[in-house]
Asks: 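Structure incoming, see below.
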Amino acid sequence: MRVIAELPHPECKITIFSMNQKYIVKFEQGTFEQSYKLAEMDLSGGGVNDVFEILDEEFITTVIDRFKLMRGDFTSAYNRHQF
């Protein structure tokens with residue numbers, strides 16, 4: 001797996017990897033991460049530029065909202081067990 005690109009964003013780290021004819025887009029925020037896999041053949045042939053088009057601000061906003069939900073879910077589970 002190799003890093004193709006890193007996209008700057010103030011609320012999360014975005015890294016695009018290439019592996020086995022797939023692009024893997026990984027979002028990281030603190031201890032949480034989300035990843036999305038795209039087969040190269042499912043894109044229009046523009047390579048990583050097609051991935052950049054998918055990663056519009058609307059999509060990134062939903063990813064960040066999902067991080068908030070993840071953090072809330074984890075905090076609730078952690079608090080139920082009183083560590």
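All heavy atoms count here, side chains included; hydrogens, waters and symmetry mates do not. We're numbering straight along the sequence, starting at 1.
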Asks: Are any of the side-chain heavy atoms of I24 and I16 separated by less than 4.5 Å?
Replies: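 With C-beta onward as the side chain, the pair stays apart.
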Asks: Quick check on N20: does its CG atom have over 12 non-hydrogen neighbours (other residues, nucleotides or ligands) under 6.0 Å away?
Replies: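 At most 12 heavy atoms, drawn from other residues, nucleotides or ligands, come within 6.0 Å of this atom.
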Asks: A side-chain contact here means heavy atoms from C-beta on lying under 4.5 Å apart; do K37 and Y23 qualify?
Replies: no
Asks: If Ile, Leu, Val, Met, Phe, Trp and Tyr residues are connected whenever their side-chain heavy atoms lie under 4.5 Å apart, and connections chain through other members, are L7 and I64 in the same group?
Replies: yes
Asks: Please tell me if the side chains of I60 and I14 come closer than 4.5 Å, counting only heavy atoms from C-beta onward.
Replies: yes
Asks: Could you tell me whether Q21 atom CD has more than 12 heavy atoms of other residues or ligands within 6.0 Å of it?
Replies: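 It does not: Q21 CD has 12 such atoms or fewer within range.
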Asks: Quick one, E33 and K26 - any side-chain contact, counting heavy atoms below 4.5 Å?
Replies: yes
Asks: OG1 of T75 to CZ of R80: how many Å apart, nearest 0.5 Å?
Replies: 10.5 Å
Asks: Start with the C-alpha gap between R2 and F17, add the side-chain angles, then the distance that decides, and say whether side-chain contact (heavy atoms from CB on, under 4.5 Å) holds.
Replies: CA-CA 5 Å; R2 65 186 179 101; F17 299 92; over 6 Å; no
Asks: Would a 4.5 Å heavy-atom cut-off, applied to side chains only, mark R71 and F32 as touching?
Replies: yes
Asks: With a 4.5 Å cut-off on side-chain heavy atoms, are K13 and E6 touching?
Replies: yes
Asks: With a 6.0 Å cut-off on the ring centroids, do Y36 and F59 count as close?
Replies: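 They qualify: ring centres under 6.0 Å apart.
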Asks: With distance as the sole test, does D50 use its side chain to make a donor-acceptor pair with the main-chain N or O of S44 at under 3.5 Å?
Replies: yes
Asks: Can you find a pair of side-chain heavy atoms, one from E57 and one from H9, that are under 4.5 Å apart?
Replies: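 With C-beta onward as the side chain, the pair touches.
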